[in-house]
Protein chains: 2
Amino acid sequence: MRSISKSTLQRLPIYLSFLKQHCDSEFVSATVISKALSLNDVQVRKDLAAISSSGRPKVGYCRCTLILELENFLGYNDNENAVIIGVGNLGTALLNYEGFEQYGLQVIAGFDIDESKIDEKRKIFHISKLKDLCKRLNIHIGIITVNVEQAQLCCDELVDAGITAIWNFAPTHLNVPSYVHVQRENMAASLAILSRHIKDNKNN
Amino acid sequence: MRSISKSTLQRLPIYLSFLKQHCDSEFVSATVISKALSLNDVQVRKDLAAISSSGRPKVGYCRCTLILELENFLGYNDNENAVIIGVGNLGTALLNYEGFEQYGLQVIAGFDIDESKIDEKRKIFHISKLKDLCKRLNIHIGIITVNVEQAQLCCDELVDAGITAIWNFAPTHLNVPSYVHVQRENMAASLAILSRHIKDNKNN
DNA sequence: TAGATTGTTAATCGATTAACAATC
DNA sequence: TAGATTGTTAATCGATTAACAATC
């Protein structure tokens, strides 16, 4: 099992969701997956080879085995806890979203500066309790859903609390120590691609 | 102005947000931007060259001019209307999110099958009204925030309503005609990258 | 003039795709 | 055996980075 490229890593969850959703035969081949997802078949085969060696010539992959291998590799079976900073619209949506559990992510608490939002029954705490809770529960993932102005400050708090992976929904760059990974959820980039497509359509 | 690569396109909003937020001198160079955002300076220079020719040797770019050029290129000044299908947690958050206006995106209506969610004052309509509204207002962008099971069905409705660009938040692949572009907001992929980072940290 | 910067051309790197041998 | 499939090696493509000439 060699080291995985970022682009491969991003496609693995797509294969997994396809296998779970649209595919009910016992065996499945890279060709079938590639056609269903409009991808190149060699690409799919290489991606799968990186995380599995259960593929058999002429037969393909056992669907159930492949699902397990993907889930294990992606860590969907070992739970990671996460905290969220900023319990506004988006933060609340993510805090209430049950779908992350499926990916092995438990968002166990939300934090905010705004006293009026705090509601310990619903697991929303004042930000002053962040560090203690993260250290105590050994939490590594922090989700930032505050506005641009507060993002760097919250980021610093997370780093100070021992977080090493940050999922940043604020549209801004964050400065972090080199051992911390920031994953920017760049909605503006998605929009840029979408609106470019519309413009291209108009010009043709 | 040559054709823009997808990776360049995705970085442009990042430059723009930096220029607006963290930078208050009259002129700014690609080197300064690259350092602030931890990118390669030639990459920034090439990206900017693709959308602007206002850079001057020894001087750099006039910050205001560059901001305008980026905004124009990204279409932040010409508004696009969009509709949302699925007014659950995430759909509501996006419907209420004021931040998209900054990107020239107006989410003007939400649609749902669930009669109890419909509230025309808050611009939430029954899905049966989708096609008429999209045609009448000449809408090109649809946002899908329903669950996996309903996603393809909603997608078909959008295509039928004349939508050519779909922003898909449901974790599933959508089949569309070739002239329709689907931008998948792949949260599972972001999570995969984050949790890989944590695993790598543990193993070192 | 010297130094900082742009922007282009060439080199490198990595990811995708093509060709093909191995296998059931 | 023939055909479908895996998985590997080689070729291609595109994006990033390096080198450098042009410019204010």
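Sequence lines set the chain letters: A, B, ... in the order given, protein chains first and strands last, and positions in each chain run from 1.
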Of the listed dC24(D), dA15(C), dC24(C), the closest approach to the S7(A) side chain comes from dA15(C)

Review point. Is Y61(A) near enough to dG7(D) that one of its side-chain N or O atoms lies under 4.0 angstrom from OP1 or OP2?
Key: yes

**Prompt:** Quick one: is R11(A) getting a side-chain N or O under 4.0 Å of the dA15(C) phosphate, OP1 or OP2?
**Reply:** no

With both distances kept under 3.5 Å, what pairs with dA11(D), Watson-Crick or G-U wobble?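 With both distances under 3.5 Å, dA11(D) matches dT16(C).
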
Taking a pair to mean Watson-Crick or G-U wobble geometry with both distances below 3.5 Å, dA22(C) pairs with dT5(D)

Closest to the 5' end of DNA chain C, once V32(B) and K6(A) are matched to their nearest nucleotides, is V32(B)

Do we see a donor-acceptor contact under 3.5 Å between the side chains of S5(A) and T8(A)? yes

Subject >> Side-chain donor-acceptor pair present, E80(A), S195(B), cut-off under 3.5 Å >> reply: no

Separation of dT5(D) atom P from K58(A) atom NZ, nearest Å, is 9 Å

Whole-Å distance between dG7(C) C1' and I33(B) CD1?
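That distance rounds to 15 Å.
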
Is there any protein nitrogen or oxygen under 3.5 Å from a nitrogen or oxygen in nucleotides 17-21 of chain D, and what are the pairs?
residue	atom	partner	partner atom	Å
dT17(D)	O4	K46(B)	NZ	3.0

- In Å, rounded to the nearest 0.5 Å, how long is the span from CG of L158(B) to CG of L130(B)?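 Answer rounded to 0.5 Å: 5.5 Å.
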
Practice item. Determine, using ring centers only, whether F18(A) and Y15(A) are less than 6.0 Å apart. Key: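 Judged by ring-centre distance (under 6.0 Å), Y15(A) and F18(A) do not meet the cut-off.
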
Q.
Can you confirm if the NZ or CZ of R196(A) lies within 45° of the ring axis of F73(B) and under 6.0 Å from the centre of its six-membered ring?
A.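 Judged by the rule, R196(A) and F73(B) form a cation-pi pair.
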
